[in-house]
Amino acid sequence: MIRANIIKDREATMDRFINGLNREIENVVELTHYVEFKDMVHIATKVERHIKRMDNICFQTDSAPSSLI
């Protein structure tokens, strides 16, 4: 019985974490295989960094002076 509660608590924690994520990050994390909570956090962090990097690249491209184009 104790083992079942531990597993249930772990799953509940993972569900709460996923539900608190940005929708874009949540979609990627849900499609990725993970076993442990720390794996899920690592994946979410990597996705967040990737999204920020892509947003930064798009911002730099959009804000280029028209004289350079």
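All heavy atoms count here, side chains included; hydrogens, waters and symmetry mates do not.
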Response to the item:
Between M14 and V35 the two heavy atoms that sit nearest each other are CE-O, 3.6 Å
Worksheet item: Going from CD1 on I43 to CE on M40, what distance comes out if it is rounded to the nearest 0.5 angstrom?
Response: 8.5 Å
Discussion item. With rounding to the nearest 0.5 angstrom, report the CD1 to CD1 distance, I25 to I18.
Written reply: 12.0 Å
Discussion item. Using modelled atom types and a 3.5 Å cut-off, is there a donor and acceptor pairing between side-chain atoms of N56 and backbone atoms of K52?
Written reply: no
Discussion item. Could you tell me if the side chain of N27 sits less than 4.5 Å from the side chain of L31, heavy atoms only?
Written reply: no
Discussion item. Show, in sequence, the C-alpha distance, side-chain angles and deciding distance for V29 and Y34, and conclude whether the side-chain contact (heavy atoms from CB on, under 4.5 Å) test is met.
Written reply: CA-CA 9 Å; V29 172; Y34 52 86; 4.1 Å; yes
Item to complete: Please list, chain by chain and in numerical order, all residues satisfying side chain to side chain donor-acceptor pair (under 3.5 Å) with T13, sequence neighbours excluded.
Response: R16
Worksheet item: Restricting to pairs with a member in residues 24-39, which pass salt bridge (Lys or Arg N to Asp or Glu O under 4.0 Å), not counting sequence neighbours?
Response: R23-E26
Worksheet entry | All side chain to side chain contact (heavy atoms under 4.5 Å, CB included) counterparts of H50, not counting sequence neighbours | R53, M54
